[in-house]
Amino acid sequence: MTVLDRRALNRALLARQLLLERRPGSASAVLEHLVGMQAQAQEPPYIGLWTRLAGFAAEELAELIRGREAVRIALMRGTIHLVTARDCLALRPVLQSGLDRQLTSTFGRRLEGLDLDEVSAYGRKLSDAERLTLGGLGTLLAERWPQYEPFALANVVRARVPLVQLPPRGVWGEGGLAVHGTAETWLGRPLATDTAPDTLVRRYLAAFGPATVKDIQAWSGLTRIGAVVKRLRPGLRVFQDENGADLYDVPDAPLPDPSTRAPVRFLPEFDNILLAHADRGRILTEEQRRLVFTRNGLIRSTVLVDGFVRALWRIEDGALVVEPLGRPLARRDRAAVEREGRALLAFLAPHRTDPEIRWA
């Protein structure tokens with residue numbers, strides 16, 4: 001069985017994440033290829049598409065959100081993702097069991113004795129009648145169930161009802177509070193009825209593979225994926241990593257030569273590439289992970305050099321600040337980081353004429 005080392009897995013991941021070269025294409029097509037993008041904050045999906053797509057303009061994604069062709073909704077691992085309308089309706093039923101389990105593990109004791117179906121139905125009714133924040137929804141629910149915490153009640157609805165965040169939330173240059181409506185009402189279509197995860201697993205492998213069963217579970221928030229992979233195995237490629245674990249893959253997905261050149265890329269907060277595997281060694285070290293993943297749940301913005309995380313970045317007083325991790329960057333790598341950094345600043349602030357880059 002072919003063994004894929006860290007560098008081979010890295011290049012495969014970069015190719016499938018469109019990070020070896022910017023590709024022409026539409027924002028909606030890339031959203032579907034990536035199976036959505038992490039969207040806890042407003043700007044990361046825009047930066048994530050800019051770093052992957054040739055000629056991407058922020059207004060393209062903003063228009064998808066305004067036009068109800070893309071939505072922000074809790075999906076994989078219960079986190080907010082930006083997905084196309086079609087994926088919203090298809091993926092939410094598949095991932096519902098993971099959302100239910102997360103609700104129970106997080107709020108179980110605080111919900112004892114509560115009829116969750118009744119709360120969900122009432123919460124759906126409220127959300128269809130009025131645009132509400134989660135806090136506002138919790139307050140209204142607590143009027144009916146005063147013995148329960150408003151936050152816990154609101155999360156019952158968030159987990160069991162497909163609530164989408166409505167514009168201007170998520171629109172470039174606008175933003176606003178996260179107010180919600182149900183996906184079915186906002187999109188004018190019902191959820192899909194198929195809950196089998198087979199297609200989801202194949203799509204994950206096409207965007208993030210080759211990967212182990214644990215990787216798929218860590219990304220999706222679902223359990224019992226081993227049985228799904230066993231069912232799909234006759235149609236999959238199987239490799240091994242350097243530790244002897246089986247890696248599964250879809251046929252014909254790219255496996256570039258490990259020596260393939262990887263350009264500098266700036267990744268936004270919460271980028272998919274950092275959150276899609278149980279073993280993140282193909283993109284960063286454990287020591288780097290502790291610096292990138294903060295204690296309060298934030299995933300910091302990073303810089304890839306030769307395909308691996310080598311620095312953090314942030315915008316400070318209008319300047320791009322780059323903070324290397326570990327050993328200093330070589331002179332030519334610093335020059336490449338600055339070139340790509342100037343392009344990033346041109347995207348973030350197109351009218352600024354004096355881009356400033358500082359090294360921390």
Side-chain angles (χ1 to χ4, degrees), residues 14 17-24 27 30 37-62 65 82 168-176 261-275 283-285 287-360:
L14 295 178
Q17 287 288 304
L18 313 184
L19 292 169
L20 285 180
E21 59 178 335
R22 285 186 171 89
R23 305 283 184 84
V30 172
M37 301 185 78
Q38 292 274 146
Q40 286 95 319
Q42 178 153 303
E43 288 189 353
Y46 291 88
I47 298 171
L49 287 173
W50 169 82
T51 207
R52 291 170 167 89
L53 269 175
F56 171 71
E59 182 58 26
E60 180 185 358
L61 179 55
I65 295 171
L82 178 67
R169 182 71 169 183
V171 174
W172 182 263
E174 296 184 30
R261 175 187 173 275
V264 167
R265 289 289 183 257
F266 281 76
L267 301 181
E269 298 172 295
F270 304 104
D271 194 85
N272 301 28
I273 202 172
L274 302 176
L275 293 162
I283 193 72
L284 79 171
T285 66
E287 182 180 358
Q288 290 170 334
R289 188 194 67 78
R290 290 194 291 268
L291 298 171
V292 174
F293 289 59
T294 69
R295 291 184 178 181
N296 57 357
L298 298 179
I299 314 298
R300 301 170 73 181
S301 304
T302 55
V303 184
L304 301 183
V305 177
D306 190 33
F308 296 92
V309 170
R310 291 294 311 278
L312 304 173
W313 70 270
R314 62 186 182 273
I315 300 297
E316 194 173 274
D317 298 326
L320 174 63
V321 180
V322 181
E323 181 181 347
L325 299 175
R327 68 184 186 277
L329 295 176
R331 181 179 299 177
R332 68 176 183 179
D333 290 334
R334 286 173 65 98
V337 168
E338 291 183 359
R339 283 194 301 272
E340 186 70 2
R342 284 190 289 272
L344 173 61
L345 286 172
F347 172 73
L348 295 175
H351 302 298
R352 181 165 180 172
T353 58
D354 57 339
E356 180 185 359
I357 298 175
R358 298 202 302 262
W359 290 85

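In this chain, residues are counted from 1 in sequence order. Note that the coordinates shown come from a computational prediction; the quantities given were computed from them, not determined experimentally.
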Is there a side chain to side chain contact (heavy atoms under 4.5 Å, CB included) between Ile315 and Val321 once you walk through the steps? CA-CA 6 Å; Ile315 300 297; Val321 180; over 6 Å; no
Stepwise, does the side-chain hydrogen bond (donor to acceptor under 3.5 Å, both in side chains) test hold for Trp359 with Glu338? CA-CA 10 Å; Trp359 290 85; Glu338 291 183 359; 2.7 Å; yes
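- In this structure, Glu60 and Ala27 approach most closely via the heavy-atom pair OE2-N, 2.8 Å.
- The pair Asp333-Arg331 fails the salt-bridge criterion, with no side-chain N (NZ, NE, NH1 or NH2) lying under 4.0 Å from an Asp/Glu carboxylate O.
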Phe347 and Trp172: ring pair (Phe, Tyr, Trp, His ring centres under 6.0 Å), yes or no, with the steps? CA-CA 12 Å; Phe347 172 73; Trp172 182 263; 5.4 Å; yes
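- Screening residues 39-51 for side chain to side chain donor-acceptor pair (under 3.5 Å) gives Gln38-Gln40 as the qualifying pairs, with residues at least two apart or on separate chains.
- A salt bridge does not link Glu174 with Arg169: every distance from a Lys NZ or Arg NE/NH1/NH2 to an Asp or Glu carboxylate oxygen is 4.0 Å or more.
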Check against side chain to side chain contact (heavy atoms under 4.5 Å, CB included), Gln17 and Arg265: CA-CA 12 Å; Gln17 287 288 304; Arg265 289 289 183 257; over 6 Å; no
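- For the pair Leu304/Arg310, no side-chain contact is recorded, criterion being any heavy-atom separation below 4.5 Å from C-beta on.
- Scanning all heavy atoms of the two residues, the minimum distance from Gly307 to Leu14 falls at CA-CD1, 3.5 Å.
- Using a 4.5 Å heavy-atom threshold, the side chains of Glu356 and Leu320 count as separate.
- Of all the heavy atoms in Pro24 and Ala54, the pair that sits closest is N-CB, 4.1 Å.
- Classification of Glu21 and Arg23 as a salt-bridged pair holds, one side-chain N sitting under 4.0 Å from a carboxylate O.
- Asp271 has its side chain within reach of Pro268: a pair of non-hydrogen atoms, C-beta onward, lies under 4.5 Å apart.
- Counting heavy atoms from C-beta on, the side chains of Val264 and Asp306 never come closer than 4.5 Å.
- Counting heavy atoms from C-beta outward, Val30 and Phe56 have side chains that stay 4.5 Å or more apart.
- For Glu59, the side-chain hydrogen bond (donor to acceptor under 3.5 Å, both in side chains) criterion is met by Arg66, not counting sequence neighbours.
- Proximity of Leu284 to Phe308: side-chain heavy atoms (C-beta onward) are nowhere separated by under 4.5 Å.
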Criterion side chain to side chain contact (heavy atoms under 4.5 Å, CB included) on Phe293 and Leu291, from CA distance to verdict: CA-CA 6 Å; Phe293 289 59; Leu291 298 171; over 6 Å; no
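- Scanning for salt bridge (Lys or Arg N to Asp or Glu O under 4.0 Å) contacts around Arg339 gives an empty result, with sequence neighbours left out.
- Annotation: side chain of Leu325 is not in contact with side chain of Val303 (no heavy-atom distance under 4.5 Å).
- For the pair Leu49 and Met37, the minimum side-chain heavy-atom distance is below 4.5 Å.
- Scanning all heavy atoms of the two residues, the minimum distance from Ala311 to Pro324 falls at CB-CA, 3.7 Å.
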Check the pair Leu82 / Leu61 against side chain to side chain contact (heavy atoms under 4.5 Å, CB included), numbers first and verdict last. CA-CA 10 Å; Leu82 178 67; Leu61 179 55; 3.6 Å; yes
